[in-house]
Amino acid sequence: MAFLHHLISLLRHGNPTPATPSAHLMHLAIAMIFYIVACRFFMRRFRGVWREILFAGFNVAGVYGFLFLGKYIHAERIFLIYVAIVSFQYAMLRMFSEKKGWLPWLAFFTPIVALIVVRYGPAMGMARIPGLAWTAGGLGFVGISYLAFRTSRLALEVRNGSAKRPGFWEYLNFCFFLPTMPVGPINTYANYRRGFEEIPWNVHVGRAALRILVGMVKYQFFGGLCSQLDYASLLLDDHPHPWTDLPIAMLFYYLFLYCNFSGFCDMAIGTAGLIGIPVPENFDNPFAARNVKDFWNRWHITLSQWMRDVVFAPLSKYLVRMAGPAMTDHAIALSILTVFLLIGIWHGVGWNFAAYGAAHALGVVTNHYYTLFLKKRLGRERFKAYNENRWIHAAAVVLTFCYCGASLFFFANTFPGMKEIISILR
């Protein structure tokens, strides 16, 4: 208990003596190693309800200790509200997910509504509720977006029979699984439960540890280097800049975001692997994407798959039924537009995120119609030759890289921030 108390004290206050950042990171690493060893022990040595209770309890405590404790005003109150929301989601899942007709959609939309309230509470007038630490981005609920997508999809998994409805403790350990809690990847419940099977999913310990190390280097070292030349660091220094500095900031912000996000996902996948939980890949060399559609098959893959399965596929089928087969191509384009506007809004509060989603919708819709045009104009054999041409492929990759990097201008900056950046360029 003294060791646990010391770990919690470190997480809340850091080293009681003057500490360097590296010393604080070492303390966090020790705490994470303790978490991994304990969770692996629970997974290997216990079975049945006791494993679920211990694993859920330790992950709930881990999320609170690592992600809430000492980081928010009224952290205990906010975290208890978080647990209450998850418990209510489970009640809705239990009541409606296995019903016939439209009732399972109540279980599906409950996490989505919770996400909207938490994210857009201030805009809805809820910031006046006393005792809650509202910010411009809503309440300080770490990982609420990823939680909403995991649990809403679970309702569909149960409804469709691809996963057995979990018990309460199973639900808790799925919701609060620490490695994927902050920024994903978005795991399905069926895949997550592979780690709890009688012959559990396993991964080579050395390979998982190496994955964590690679993620740390990308996240801490390369991400840190690239952040020195992003928008805030390079341009927002109260000095005028030549226009050539803008593409430099665009490039390095793109590289920073990749190193930061993919590095964290590497650490999450490696940590989960050491515990014995499979987590899907979230990146597949996105800089090699040929077009914006291909980019989203390589970047934030689990988000793309969620949107494809939950929004794009049913919406496009519905629109085709309503408009008729002759309008299939346009129905697909409208579904693409809807998906990417939702992706933009999902990423954050602000019109700049909607603009980011619109930029990618424009890219994917343009690729959709351009592909249709080429197929019609060139025919099957010439279209195949076009796709296999190395020079065309290289040009497409470069253009896609530039377009996706430039689109992050909306992602990284609010509209006032964009105006300020443009005003200092000479």
Side-chain angles (χ1 to χ4, degrees), residues 7-8 10-14 24-25 28-29 31-32 35-36 39 55-90 110-122 126-127 131-154 171-187 192 215 219 223 257 260-269 271-272 275 277 279 282 300 302-303 306 345-350 353:
L7 288 179
I8 291 174
L10 288 174
L11 290 169
R12 182 192 285 269
H13 305 294
H24 182 63
L25 286 174
L28 289 176
M32 182 56 70
Y35 163 81
I36 292 170
C39 285
F55 196 69
F58 210 76
N59 275 283
V60 170
V63 168
Y64 175 66
F66 278 93
L67 304 180
F68 284 83
L69 187 63
K71 295 179 174 63
Y72 297 99
I73 300 173
H74 306 304
E76 297 85 355
R77 187 180 304 170
I78 291 177
F79 189 69
L80 286 175
I81 294 173
Y82 208 163
V83 174
I85 289 173
V86 169
S87 300
F88 179 72
Q89 290 177 186
Y90 175 73
T110 297
I112 304 298
V113 171
L115 170 62
I116 293 171
V117 171
V118 167
R119 276 283 184 85
Y120 294 92
M126 299 182 68
L132 295 181
W134 292 97
T135 67
L139 277 174
F141 282 0
V142 178
I144 185 67
S145 299
Y146 296 92
L147 174 71
F149 276 29
R150 288 198 311 272
T151 52
S152 60
R153 185 163 188 161
L154 171 56
Y171 189 78
L172 271 190
N173 69 49
F174 174 63
C175 291
F176 288 102
F177 184 53
L178 178 59
T180 59
M181 184 73 182
V183 294
I186 303 170
N187 207 355
Y192 174 81
Y219 182 82
L257 192 63
N260 187 277
F261 192 12
S262 70
F264 200 99
C265 288
D266 285 337
M267 290 187 283
I269 292 169
T271 301
I275 294 170
I277 300 294
V279 173
N282 219 18
H300 209 337
T302 56
L303 174 62
W306 193 97
I345 295 169
W346 178 83
H347 273 97
V349 178
F353 291 106

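Hydrogens, waters and symmetry mates play no part in the numbers below; they use all other heavy atoms, side chains included. Just so you know, these numbers come straight off a predicted model, no measurement behind them. Residue numbers count from 1 along this sequence.
Annotation: the span from Ile277 atom CD1 to Phe55 atom CZ amounts to 4.5 Å, rounded to 0.5 Å. Atoms CD1 and OG1, from Ile186 and Thr180 in turn, are 10.0 Å apart once rounded to the nearest 0.5 Å. To the nearest 0.5 Å, atoms CD1 (Ile85) and CD1 (Ile144) are separated by 5.5 Å.
Of all non-hydrogen atoms in Ala268 and Pro179, the two that sit nearest each other are CB-O, 3.2 Å. Here the closest non-hydrogen pair linking Met181 and Val63 is CG-CG2, 4.0 Å. Counting all heavy atoms, side chain and backbone alike, Ala272 lies closest to Val279 at CB-CG2, 3.5 Å.
With sequence neighbours left out, Ser262 forms a side-chain contact (heavy atoms from CB on, under 4.5 Å) with Lys218, Tyr258, Phe283. A search for side-chain contact (heavy atoms from CB on, under 4.5 Å) contacts involving Phe264 returns Pro182, Val183, Tyr219, Met267, not counting sequence neighbours. Applying the ring pair (Phe, Tyr, Trp, His ring centres under 6.0 Å) criterion to Tyr171, with sequence neighbours excluded, gives Tyr90. Under the side-chain contact (heavy atoms from CB on, under 4.5 Å) criterion, Val113 pairs with Val117, not counting sequence neighbours. Listed by chain and number, the residues in a side chain to side chain donor-acceptor pair (under 3.5 Å) with Asn59 are Tyr35 (sequence neighbours excluded). Looking at residues two or more places apart in sequence or on another chain, you find a ring pair (Phe, Tyr, Trp, His ring centres under 6.0 Å) between Trp346 and Tyr146, Phe149, His300. Take Thr110 and apply the side chain to side chain donor-acceptor pair (under 3.5 Å) test, not counting sequence neighbours, and it matches no residue. Residues forming a side chain to side chain donor-acceptor pair (under 3.5 Å) with Thr151 (at least two apart in sequence, or on another chain): Gln89.
Classified by interplanar angle (parallel below 30°, tilted 30° to 60°, perpendicular above 60°), the ring pair Tyr82/Phe79 is perpendicular.
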Walk me through whether Thr302 and Asn187 qualify under side chain to side chain contact (heavy atoms under 4.5 Å, CB included).
CA-CA 7 Å; Thr302 56; Asn187 207 355; over 6 Å; no

Intermediate values then yes/no, side chain to side chain contact (heavy atoms under 4.5 Å, CB included), Phe261 and Asn282
CA-CA 9 Å; Phe261 192 12; Asn282 219 18; 3.8 Å; yes

List the steps and the verdict of side chain to side chain contact (heavy atoms under 4.5 Å, CB included) for Leu178 and Leu67.
CA-CA 9 Å; Leu178 178 59; Leu67 304 180; 4.1 Å; yes

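For residues 144-153, the salt bridge (Lys or Arg N to Asp or Glu O under 4.0 Å) pairs, not counting sequence neighbours, are Arg153-Asp309. Residue pairs meeting the salt bridge (Lys or Arg N to Asp or Glu O under 4.0 Å) criterion with at least one partner in residues 59-68, sequence neighbours excluded, do not occur; the list is empty.
You'll find the side chain of Leu147 stays beyond 4.5 Å of the side chain of Pro111, heavy atoms only.
At distances below 3.5 Å, at least one donor-acceptor pair connects side-chain atoms of Tyr192 with backbone N or O atoms of Asn173.
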